[in-house]
K.L.:
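Here it is, the structure, as structure tokens.
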Amino acid sequence: MSSRKITIAVDGYSACGKSTLARALATQLNYNYVDTGAMYRAITLYAIRNGLINGKDLDVESLNEQLDDIDIQFEFNEASKSSMILLNDENVESQIRQMDVNDWVSQVSAVPEVRRKMVTLQQKMGKEKGIAMDGRDIGTTVFPDAELKLFMTAEIGVRTNRRIAEMKAKNIPGDFEQVKTNLLQRDKEDMSRKESPLRKADNAIILDNTNLTRDEQLNFALSKALELISK
Ligand code: DC
């Protein structure tokens, strides 16, 4: 097998298991993994903490003014090939999964200046290839030339239960109807924003994992990746 490194873009709806699959692919291939949703979540946490969200409004002007004060970095753990997100040097990996962040992240990630800053960072992280990155616009905007693009989808009930289980593992309570409404609302906002909306890249492979186990998804995606790597 050649040692050619590729770029893997995993996009799709909220709570479809994009991170789980992208992380597992990175582990198998000895690639880096980047969770771009965590980056938008960290900026949202910053906005909440700094009073930029008042009632129903996001103060976009102040957020844009403060963008240079927001430092987002990942601390890579070589052994696990996973990463912790740092917001201005603080590990906020668990705070960014809270419900208040869920409620605001689509609005924050629709701000063009926020997206531009994040996309530039993401492109830097992937410039050497050998990366699996998950998000909403990876195959369309961040890495339009990615060799492997996957677009994930699953039934909403399955996605809701998966998200609740994920929250529970982090000791965050989650009500089924509230979580389901949030997922549907976020998908709608992510698909309808002007700047790089969520959409399937023309050459992405659709992966509906409603009835697939994690191993089945990984085997499918890994075989596609290995095919491309050995070309
Ligand atoms: O993957 P996630 O659920 O953690 O993402 C949180 C939000 O961030 C999602 O509702 C949309 C936004 N997002 C985005 O706009 N672009 C990305 N590349 C990744 C996430």
Side-chain angles (χ1 to χ4, degrees), residues 7-26 32-47 58 60 63 67 70 72 74 83 85 96-97 99 101-126 131-156 158-160 162-163 166 179-210 217 221:
T7 300
I8 303 176
V10 182
D11 290 303
Y13 300 103
S14 292
C16 274
K18 299 183 296 295
S19 311
T20 306
L21 178 64
R23 189 183 291 113
L25 277 170
N32 284 323
Y33 161 66
V34 175
D35 171 0
T36 63
M39 300 168 78
Y40 292 98
R41 285 172 178 273
I43 297 198
T44 306
L45 182 66
Y46 175 95
L58 166 67
V60 175
L63 179 60
L67 268 186
I70 308 177
I72 306 280
F74 285 100
S83 48
I85 190 146
I96 60 167
R97 310 287 161 194
M99 214 55 212
V101 173
N102 286 340
D103 287 340
W104 283 96
V105 65
S106 283
Q107 288 201 47
V108 170
S109 62
V111 176
E113 291 79 357
V114 168
R115 296 208 73 78
R116 267 171 239 150
K117 177 171 165 138
M118 292 304 100
V119 169
T120 304
L121 264 177
Q122 291 153 10
Q123 288 172 335
K124 261 192 206 153
M125 290 174 191
I131 195 160
M133 191 176 273
D134 84 276
R136 304 295 187 289
D137 59 342
I138 312 304
T140 53
T141 303
V142 182
F143 297 124
D145 297 329
E147 289 84 353
L148 178 59
K149 298 181 187 178
L150 297 166
F151 189 85
M152 297 182 69
T153 175
E155 277 172 11
I156 184 64
V158 170
R159 290 161 50 197
T160 306
R162 284 184 189 149
R163 180 49 50 93
E166 191 183 292
V179 171
K180 179 178 160 188
T181 305
N182 172 267
L183 292 179
L184 291 172
Q185 180 64 26
R186 272 200 295 134
D187 286 343
K188 198 171 139 197
E189 287 178 27
D190 294 341
M191 285 186 288
S192 57
R193 67 169 173 244
K194 283 209 183 84
E195 185 109 355
S196 50
L198 165 64
R199 72 170 178 83
K200 183 183 110 39
D202 294 338
N203 53 354
I205 301 169
I206 295 181
L207 179 52
D208 181 337
N209 64 16
T210 304
Q217 296 169 56

K.L.:
Would you mind telling me which of S196, S106, S109, S14 makes a side chain to side chain donor-acceptor pair (under 3.5 Å) with R136?
P.N.:
S14

K.L.:
Report the residues that fulfil side-chain contact (heavy atoms from CB on, under 4.5 Å) with A204, sequence neighbours left out, ordered by chain and then residue number.
P.N.:
K149, F151, K200, A201

K.L.:
With side chains defined as the heavy atoms from C-beta onward, is the minimum distance between I43 and V111 less than 4.5 Å?
P.N.:
no

K.L.:
How far does CD1 of I156 sit from OG1 of T181, to the nearest 0.5 angstrom?
P.N.:
9.0 Å

K.L.:
Test your reading of the model: is there a side-chain donor-acceptor pair from D187 to the backbone of Y13, 3.5 Å cut-off?
P.N.:
no

K.L.:
Could you tell me if the side chain of V179 sits less than 4.5 Å from the side chain of N182, heavy atoms only?
P.N.:
no

K.L.:
Please name the residue in the list R199, Q122, R115 that meets the side chain to side chain donor-acceptor pair (under 3.5 Å) test with D137.
P.N.:
R115

K.L.:
Among V34, T7, V119, find the residue that satisfies the side-chain contact (heavy atoms from CB on, under 4.5 Å) test when tested with V142.
P.N.:
V119

K.L.:
Identify the two heavy atoms, one from I131 and one from G126, that lie closest to each other, and give their separation to 0.1 Å.
P.N.:
CD1-CA, 3.8 Å

K.L.:
Please tell me if the side chains of I70 and I72 come closer than 4.5 Å, counting only heavy atoms from C-beta onward.
P.N.:
yes

K.L.:
Which pair of heavy atoms, one from P112 and one from E195, lies closest together, and at what distance?
P.N.:
CB-OE1, 3.5 Å

K.L.:
Just checking E155: does its CD atom have more than 12 heavy atoms from other residues, nucleotides or ligands closer to it than 6.0 angstrom?
P.N.:
no

K.L.:
For the CG atom of L63 and the CD atom of E113, what is their distance to the nearest 0.5 Å?
P.N.:
8.5 Å

K.L.:
N209 side chain to A154 main-chain N or O, any donor-acceptor pair under 3.5 Å?
P.N.:
no

K.L.:
Could you state the interatomic distance from CE (M152) to CG (D208), rounded to the nearest 0.5 Å?
P.N.:
9.0 Å

K.L.:
Mind checking the CE-CD spacing from M191 to E189? Nearest 0.5 Å is all I need.
P.N.:
10.5 Å

K.L.:
Within this structure, what is the CE-OG1 distance for the pair M118 and T36, rounded to the nearest 0.5 Å?
P.N.:
10.5 Å

K.L.:
Would you say that I96 contacts T44 through its side chain, given a criterion of any heavy-atom pair below 4.5 Å between the two side chains?
P.N.:
no

K.L.:
Applying side-chain contact (heavy atoms from CB on, under 4.5 Å), run through L67 and V114 and close with a yes or a no.
P.N.:
CA-CA 7 Å; L67 268 186; V114 168; 4.1 Å; yes

K.L.:
Can you find a pair of side-chain heavy atoms, one from R41 and one from N102, that are under 4.5 Å apart?
P.N.:
yes

K.L.:
Of all residues at least two apart in sequence or in a different chain, which pass the side-chain contact (heavy atoms from CB on, under 4.5 Å) check with A15?
P.N.:
R159, R163, L183

K.L.:
Can you tell me how far CG of D11 sits from OG1 of T153, rounded to the nearest 0.5 angstrom?
P.N.:
12.5 Å

K.L.:
Have D134 and Y33 got a donor and an acceptor in their side chains that come within less than 3.5 Å?
P.N.:
yes

